[in-house]
Structures are given as structure tokens and as C-alpha cells.
Q: 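One structure coming up, written as C-alpha cells, with questions to follow.
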Amino acid sequence: NDTFSQSIAQPSNLLVTRHKSMVENLVKDLSVEINTGGTYLLANTLTVREAANMVRRVFDHTDFPSTWAPRFLGDKGAMGASPV
């Protein structure tokens, strides 16, 4: 029964496409020059692993390698939680 399975739901392709489009438009809008009504900020789109690394650097002040990246379910060596 898929309703009670332990698999993690994957986002629909439509949601992923809309998210990518929104991020691309935001980055484009941020880079518009000030004299034309923009903010003229430099912005880059990050991968999930890059973003997780940056978030960890902001909140976790311990020393960890700059090459650190999270392991997501489906990655080699990733493990789910063990039963209690």
C-alpha cells in the first residue's frame, strides 16, 4: 500500500519546473541596474549541496572541511533513521 510506505515523496516535475523558473527570474530581477528600477545585486543560483554547505557555515560554527556536503537519501552511503 503506497499510502503507508516508507518512501519519501518526490516533488512533481511541475513543482520543480516552477521553482527553477522562479529562481531564474529572481536572479535576473536582482541584477537589473539601479537606474532602471533594479537593485543591481550580484546573485548566483546554488545547487542543493552548495546551499546546505552555506547554511551549515552560517549556523554551525565548528570547524569542518570546506568540501563537506550533506548525504541525501539515494546518495551512496546515505542511511535513513534506524527504528526506535
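These numbers come from the heavy atoms of this one structure, side chains and all, not from hydrogens, waters or symmetry mates. What you are looking at is a predicted structure, and each value in this text was computed from that prediction instead of being measured. Numbering starts at 1 and runs along the sequence shown.
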Q: Can you name the residues that form a side chain to side chain contact (heavy atoms under 4.5 Å, CB included) with Thr39, not counting sequence neighbours?
A: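 By the side chain to side chain contact (heavy atoms under 4.5 Å, CB included) rule, Thr39 matches Leu30, Leu41.
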
Q: So which atom in Lys76 and which in Arg71 form the shortest heavy-atom distance, rounded to 0.1 Å?
A: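 Smallest heavy-atom distance, with atoms named: O-CD, 4.0 Å.
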
Q: Sequence neighbours left out, what pairs pass ring-ring contact (aromatic ring centres under 6.0 Å, His included) with at least one residue falling in residues 36-63?
A: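 Checked against ring-ring contact (aromatic ring centres under 6.0 Å, His included) - neighbours excluded - no pair reaches residues 36-63.
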
Q: Can you find a pair of side-chain heavy atoms, one from Arg18 and one from Leu14, that are under 4.5 Å apart?
A: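 Side-chain contact under 4.5 Å: yes.
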
Q: For Asn25, what residues pass the side chain to side chain contact (heavy atoms under 4.5 Å, CB included) criterion, not counting sequence neighbours?
A: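 Here the qualifying residues are Ser21, Lys28.
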
Q: Other hydrophobic cluster members with Leu42, side-chain heavy atoms of Ile/Leu/Val/Met/Phe/Trp/Tyr under 4.5 Å, chained?
A: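 Same cluster as Leu42: nobody, lone residue.
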
Q: Each residue besides Met54 in its hydrophobic cluster should be listed here, by chain and number; the cluster joins Ile, Leu, Val, Met, Phe, Trp and Tyr at side-chain heavy-atom distances under 4.5 Å.
A: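 Met54 shares its hydrophobic cluster with Leu46.
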
Q: Please list all pairs meeting side-chain hydrogen bond (donor to acceptor under 3.5 Å, both in side chains) that have one or both residues in residues 42-56, counting only residues at least two apart or in different chains.
A: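 side-chain hydrogen bond (donor to acceptor under 3.5 Å, both in side chains) check on residues 42-56 returns Thr47-Glu50, Arg49-Asp75, Asn53-Arg57, Arg56-Asp60.
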
